[in-house]
Each structure stands twice: as C-alpha cells, then as structure tokens.
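This report refers to the structure that appears directly beneath it.
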Amino acid sequence: MATALRAAGTGVVVISCSDPRLNPYQVLGIDPTLTTMVRNAGGRAFDAIRTLVALQTIGAPGTIAVMHHTDCGMSHFHDSDIKKALLEVAPEAKTTIEAMGFGEIKGSIEDTIREDIALLKASPLIKKTTQIIGLAYDIKTGILTEVKESKPEL
C-alpha cells in the first residue's frame, strides 16, 4: 500500500480512527515524516474537513486516504447513545447536542468509507484534483482492503 501512496508523487493525508489498536503508519507501511495523519472517533471525514482544508492551504496533499476498521467503537456506540450521555453532562446545551452528529457506523465499514469518499468529493472545499481512496482494515486479521467508490455489482 505504501508504494501506491508514494506513487501519487504528492503529499498524502490519512483520515483514520483514534482507536489505539490501529496504527495507520504501521498498517500502511509509510514514513510518518512524509504522511499527515488526521485521527478522530470513527475516522469520519465530516469531522476532518476543517483540517483537510487547512492542510490543502499549507501544503499540497494530492491524496486523501479514508481508513476505517472493524470493531470500531463508533459501530457500538451510536449518536443517540452519545447524545444521551452528553445531555446528562450538559442539559443546558440540549438544542446544540441534539443537532450534533458523531459519526456513528450503522452498516458495514465499507459503506461508511463510501459515504466519506462521496462527502469529500462533493465538498466544494476539497480540491477536485485530489485523489481520494478508501481503505478497510480488519483489526483481527490485519488485512487491509481497498474500497472502491461504488458497490460492486452482484
């Protein structure tokens, strides 16, 4: 995978989950001094766009890799669970909390990777020349699979 990412010839940004079981540098076999990592709960793109836009301005990332993994906490704790917990902490912020999304993963990680690829490609803030790829990592087996933008035909 590192060879394919390096072949792009431009900077690479990887969006991945903040789960400590996932070390994207190790999984991808890439040099941490040559790749920028954006990590958040679930590795979701909507949460990373502000950072991606800043990075496009500061540098020249030509590739964005969206990497999700199996057994992600965001597949076990949904937005409603997080909102309920937050309302106990800050009931005065009910309107704000109810309007928030936290990046829950309801279906397969392949589906959420496709959602994130589509979100990035549709964003007017992400340069249209940016290559966007999807990667699914199986925590138990260590297998990394490229996820195509559209579902394969049955």
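Since we're looking at a predicted model, the values are computed, not measured. Heads up: numbering here begins at 1 and tracks the sequence.
Comment: Lys94 does not engage Glu92 in a salt bridge, judged by the lack of any side-chain N to carboxylate O separation of less than 4.0 angstrom. Residues Arg21 and Asp71 are paired through a salt bridge, judged by an N-O separation under 4.0 Å between the basic side chain and the carboxylate. We find that Asp47 and Arg44 are not joined by a salt bridge, their nearest charged nitrogen and carboxylate oxygen being 4.0 Å or further apart.
With sequence neighbours left out, Lys84 forms a salt bridge (charged side-chain N to carboxylate O under 4.0 Å, His left out) with no residue at all.
Val53 and Val13 fall within the same hydrophobic cluster, defined by Ile, Leu, Val, Met, Phe, Trp and Tyr side-chain heavy atoms under 4.5 Å apart, directly or through other members. In terms of hydrophobic clustering, with Ile, Leu, Val, Met, Phe, Trp and Tyr side chains grouped at heavy-atom distances under 4.5 Å, Val89 and Ile97 are assigned to different clusters. The hydrophobic cluster containing Ile139 does not contain Ile109, counting ILVMFWY residues as joined when their side-chain heavy atoms lie under 4.5 angstrom apart, directly or transitively. Residues Val38 and Ile49 fall within the same hydrophobic cluster, defined by Ile, Leu, Val, Met, Phe, Trp and Tyr side chains chained together at heavy-atom separations under 4.5 Å. There is no path of hydrophobic side-chain contacts, each under 4.5 Å, that joins Leu52 to Ile58.
With contacts defined as side-chain heavy-atom distances shorter than 4.5 Å, the pair Lys83/Leu86 does not qualify. In this structure, the side chains of Thr70 and Lys140 stay at 4.5 Å or more apart for every pair of heavy atoms. Side-chain contact between Tyr137 and Leu28 is absent, with no heavy atoms from C-beta onward closer than 4.5 Å. The side-chain heavy atoms of Leu120 and Val66, taken from C-beta on, include a pair separated by under 4.5 Å. Put simply, the side chain of Leu34 does not reach to within 4.5 Å of the side chain of Val12, judged on heavy atoms.
With values rounded to the nearest 0.5 angstrom, Met74 atom CE is found 9.0 Å from Asn40 atom CG. Put simply, OG1 on Thr35 and OH on Tyr25 are 7.0 Å apart, with the number rounded to the nearest 0.5 Å. Between the CD atom in Glu110 and the CD atom in Glu146 there is a gap of 12.5 Å [rounded to 0.5 Å]. Annotation: the span from Ile64 atom CD1 to Lys127 atom NZ amounts to 10.5 Å, rounded to 0.5 Å. Atom NE2 in His68 sits 6.0 Å away from atom CD1 in Ile105 (nearest 0.5 Å). A distance of 6.5 Å separates CZ in Arg114 from OG in Ser108, rounded to the nearest 0.5 Å.
Among all heavy-atom pairs drawn from Val147 and Ile117, the shortest one is O-CD1, 4.2 Å. In plain terms, the two heavy atoms of Ser18 and Ala41 that are nearest each other are OG-N, 3.7 Å. Closest approach of Phe102 to Phe46, counting heavy atoms only: C-CZ, 3.8 Å. For the pair Pro24 and Val14, the tightest heavy-atom approach, listed with the atom from each and the gap, is CB-CG1, 4.5 Å.
A donor atom on one side chain and an acceptor atom on the other are not found under 3.5 Å apart for His76 and Asp81.
Under a cut-off of 6.0 angstrom, the local environment of NZ in Lys128 is crowded, with over 12 non-hydrogen atoms contributed by other residues, nucleotides or ligands.
Of the listed residues (Ile113, Leu22, Ile15), just one forms a side-chain contact (heavy atoms from CB on, under 4.5 Å) with Met67, and that residue is Leu22.
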